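What you see below is based on every heavy atom in this structure, not just the backbone, and it leaves out hydrogens, waters and symmetry mates. Because the structure is a prediction, the values reported are computed rather than measured. Just so you know, residue 1 is the first one in the sequence shown, and it goes up from there.
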Amino acid sequence: NGFYYDVDFGDHSITEKELINIEKKFLDFAKQKFEFKMRSASKKEALDFYNKKENQYKIELIENLKDGTITFCDHADFTDLCKGGHIPHTGFIKAVKLLNVAGAYWRGDENNKQLTRIYGISFPKQKELTEYLELLEEAKKRDHRRLGKELELFTFSQKVGQGLPLWLPKGAALRERLEDFLKDAQKKAGYEQVISPHIGNKELYMTSGHYEKYGEDSFQPIETPAEGETFLLKPMNCPHHCEIYKARPWSYKELPKRYAEFGTVYRYEQSGELHGLTRVRGFTQDDAHIFCSESQIKDETEKFCNLLTEIYKDFGFEDIRIKFSDRPVKRAGDDSTWDQAEDSLLNAIKEAGYCYELNPGEGAFYGPKLEFILRDAIGREWQCGTLQVDFVLPQRLDASYVSENGEKKRPVMLHRAILGSFERFIGILLENNTGKLPNWLSPVQIVIVNVNDDVLQYSKEIKKTLTQSKLRCQIDIRNEKINYKIREHSNLKIPYILVLGKRELENRSVSVRVIGSTKVEEIKLEQFLKNIKSACSIP
């Protein structure tokens, strides 16, 4: 959403007042309906133009371009390098807002000078801008970074390192619950759990092609001079699963083989791009790889799509779009391999009966993919799940099976994820629900608050009973006023608060306050236990 421009202001720090003045200037230009005029130039002409202006940034960009035609855009008295694709003139712009200012290293390299990046957005109607700004305000209230701190789920430490989340006890309980839920769903769907190491030999990633793809975004190699080996922190789980598959020979009768792992991978994202849990340097994927024959692609695609949509429903996400992403410019494998992979996946999604839209050029470097886009409570879209058809990696890593004719054949490798990464999905889930997690997923499902010490023993008895029923329960015996305790635990989004006093002790009951309600209802303990097991069970 929107645009940004990087500017070298020297030592000057741009002010809020200056941003407002720039916005006014935008609208002044818009009213004059200046046309966007494209023109071509040679590399020499482009260099001459910017040498006269002494613009070292544009000179560097042009020098790194291949020889050939370079395009400029002229607009009023301003000229800039531009690929093109414009509205006819500025008059179509009716509303502009400059959103914020940030630092950005030139070309994303921390060794280069830091420029000032100004972010903005424009709309053809003021009403659309107003609605967008209201959406931003609502998003601020839902910011998972604030919620994570308030709910005591996770933290970050500069001493540990940027982009490396630390999960607190409640956050760890949330993740454990999430993993258990997925493990159970995947086991029922025929997946086997595997575990691979956090590092791998550089040669493995060079052979698979991941080093070429992710090498620049990887952490520095780990050298072992004594053995003469070089290791990398794992950027992807795929090559490891391929090696697991190769541990023994397979027959066509044994396919498909479905391997699942909650595998942690590492990528060296630029510090300016890190954002809470949604953009980190170390994250855990709910990764799985299916080794199958070409004839099994359709069936496996349909099974995966059904599994994904059912799991999304359990989290409250039912508005899901599917994009079909075909071959990117930079890719592994020849065109005939890509033709085969694209046709297989396209036919599979059509026959499975799912609607999709084309997303040209956005496939993985080894194969086409389906991207599953979910929409959250305030209309934002998030790409989480993926399914990719890969004919390349089994060839590169020499994976095989014996066909019914006794011949050695390459399996097709289906790469798939449902949540994408635990970190990012938890961030999305927190923002979607404003911190109020489903009862079955909440780190603490029930908190018991006692009015006084006379009911302390009764409180402990109830906690023991609930814990034995595998419900996550806490007891608050602090010497604080009862309303203070209730308010505090309500702010922590705990689904059920049990208030215990003299009457509850005498009646062998509990007074229950459910999250989102101010009503407190007294109910017999036995009946509450029946109700709570159903209300807090995994879907």
Side-chain angles (χ1 to χ4, degrees), residues 186 191 208-210 212-214 217 235-242 256 258-261 263 265 267 283 285-294 296-309 311-312 317 320-374 381-397 399 410-421 424-425:
Q186 290 180 159
Y191 290 82
S208 70
H210 286 90
E212 182 182 357
K213 176 69 175 177
Y214 297 107
D217 298 322
M236 291 293 272
N237 298 302
C238 333
H240 294 244
H241 287 194
C242 213
R258 307 180 187 98
Y259 292 138
E261 177 181 15
V265 297
R267 307 211 188 129
F283 54 96
Q285 296 176 310
D286 67 316
D287 219 350
H289 295 90
I290 302 166
F291 296 87
C292 64
S293 66
E294 191 173 348
Q296 293 171 323
I297 293 175
K298 173 191 171 296
D299 192 42
E300 291 302 309
T301 297
E302 184 173 1
K303 285 179 178 177
F304 172 70
C305 290
N306 292 341
L307 176 64
L308 176 140
T309 51
I311 286 175
Y312 279 4
F317 296 115
I320 302 163
R321 290 194 300 124
I322 302 175
K323 292 183 179 180
F324 175 81
S325 302
D326 59 15
R327 68 193 74 185
V329 174
K330 188 176 180 181
R331 57 185 182 267
D334 56 30
D335 285 342
S336 63
T337 301
W338 274 86
D339 290 340
Q340 188 180 9
E342 288 174 353
D343 289 345
S344 297
L345 183 56
L346 202 52
N347 290 333
I349 192 66
K350 284 178 180 177
E351 292 189 37
Y354 284 87
C355 297
Y356 64 92
E357 58 191 76
L358 294 176
N359 190 27
E362 294 300 319
F365 78 93
Y366 44 73
K369 66 179 175 178
L370 300 178
E371 297 181 12
F372 297 85
I373 317 293
L374 57 84
E381 293 189 335
W382 304 88
Q383 188 262 303
C384 294
T386 59
L387 175 68
Q388 300 153 15
V389 173
D390 180 6
F391 285 79
V392 174
L393 229 59
Q395 176 72 36
R396 287 190 166 192
L397 295 177
R410 300 290 180 202
V412 180
M413 190 174 177
L414 304 183
H415 306 243
R416 49 114 295 191
I418 296 175
L419 306 187
S421 87
R424 186 166 176 269
F425 188 80

Checklist entry - Looking only at heavy atoms, what is the nearest atom pair of S336 and D334, with distance? => result OG-OD1, 2.9 Å

Next on the checklist: Test of understanding: with side chain to side chain donor-acceptor pair (under 3.5 Å), list the residues that count as partners of R267, not counting sequence neighbours.
Outcome noted: none

Checklist entry - Which residue pairs pass the salt bridge (charged side-chain N to carboxylate O under 4.0 Å, His left out) test with at least one member in residues 384-396, sequence neighbours excluded? => result none

Item to check | Closest non-hydrogen atom pair, L308 against A417 | outcome: CD1-O, 4.2 Å

Item to check | Partners passing side chain to side chain donor-acceptor pair (under 3.5 Å) against S421 (at least two apart in sequence or in another chain) | outcome: none

Checklist entry - Got a second to check how far T386's OG1 is from I322's CD1, nearest 0.5 Å? => result 12.0 Å

Next on the checklist: Taking side chain to side chain donor-acceptor pair (under 3.5 Å) as the definition, give me every residue that meets it alongside Y312, ordered by chain and number, with sequence neighbours left out.
Outcome noted: none

Item to check | From CA spacing to verdict: ring pair (Phe, Tyr, Trp, His ring centres under 6.0 Å), F304, F372 | outcome: CA-CA 11 Å; F304 172 70; F372 297 85; 5.8 Å; yes

Checklist entry - Q296 side chain to S293 main-chain N or O, any donor-acceptor pair under 3.5 Å? => result yes

Next on the checklist: Looking at E212, I want to see if its CD is surrounded by more than 12 non-hydrogen atoms of other residues, nucleotides or ligands under 6.0 Å.
Outcome noted: no

Item to check | K369 versus E362, closest heavy-atom pair with distance | outcome: CE-O, 3.1 Å

Item to check | Distance in Å, L393 CG paired with F291 CZ, rounded so as to fall on 0.5 Å steps | outcome: 8.0 Å

Item to check | Between CE on residue M413 and CG on residue L397, distance to nearest 0.5 Å | outcome: 7.5 Å

Item to check | Selection residues 337-349 - residue pairs positive for salt bridge (charged side-chain N to carboxylate O under 4.0 Å, His left out), sequence neighbours left out | outcome: R327-D339, R327-E342

Next on the checklist: Do S344 and V412 have side chains that approach each other closer than 4.5 Å (heavy atoms only, starting at C-beta)?
Outcome noted: no

Item to check | Least distance between heavy atoms, L370 atom then C305 atom | outcome: CD1-SG, 4.5 Å

Checklist entry - Below 4.5 Å, heavy atoms only, C-beta onward: do D326 and L346 meet side chain to side chain? => result no

Next on the checklist: Suppose we screen for ring pair (Phe, Tyr, Trp, His ring centres under 6.0 Å). Which residues come up paired with F391, at least two apart in sequence or across chains?
Outcome noted: none

Checklist entry - How would you list, by chain and number, every residue that makes a ring pair (Phe, Tyr, Trp, His ring centres under 6.0 Å) with H241, sequence neighbours excluded? => result H289

Item to check | Residues which pass side-chain contact (heavy atoms from CB on, under 4.5 Å) with A364, listed by chain and number, not counting sequence neighbours | outcome: Y366, Q388

Item to check | CD-CD1 distance between E300 and I290, expressed to the nearest 0.5 angstrom | outcome: 4.5 Å

Checklist entry - So which heavy atom on N359 is nearest to which on S325, and how close? => result ND2-OG, 3.1 Å

Item to check | Distance-minimising heavy-atom pair for G363 and P328 | outcome: O-CG, 3.5 Å

Next on the checklist: Checking F283 now: which residues fulfil ring pair (Phe, Tyr, Trp, His ring centres under 6.0 Å) with it, not counting sequence neighbours?
Outcome noted: none

Checklist entry - Who are the side chain to side chain donor-acceptor pair (under 3.5 Å) partners of E357, not counting sequence neighbours? => result R321

Checklist entry - Under the side chain to side chain contact (heavy atoms under 4.5 Å, CB included) criterion, do I311 and Q186 qualify, and how do the steps go? => result CA-CA 10 Å; I311 286 175; Q186 290 180 159; 5.8 Å; no

Next on the checklist: A side-chain contact here means heavy atoms from C-beta on lying under 4.5 Å apart; do I320 and I373 qualify?
Outcome noted: no

Next on the checklist: Measuring from atom CG of N347 to atom CD1 of I297, what distance do you get when rounded to the nearest 0.5 angstrom?
Outcome noted: 9.5 Å

Checklist entry - ring pair (Phe, Tyr, Trp, His ring centres under 6.0 Å): which pairs involve residues 321-359, sequence neighbours left out? => result none

Item to check | Listed partners of K298 passing side-chain contact (heavy atoms from CB on, under 4.5 Å), at least two apart | outcome: E302, A348, E351

Checklist entry - Say you draw a straight line from NE2 of H415 to SG of C238; how long is it, rounded to the nearest 0.5 Å? => result 5.0 Å

Checklist entry - Do the side chain of D286 and the main chain of L419 share a donor and acceptor less than 3.5 angstrom apart? => result yes

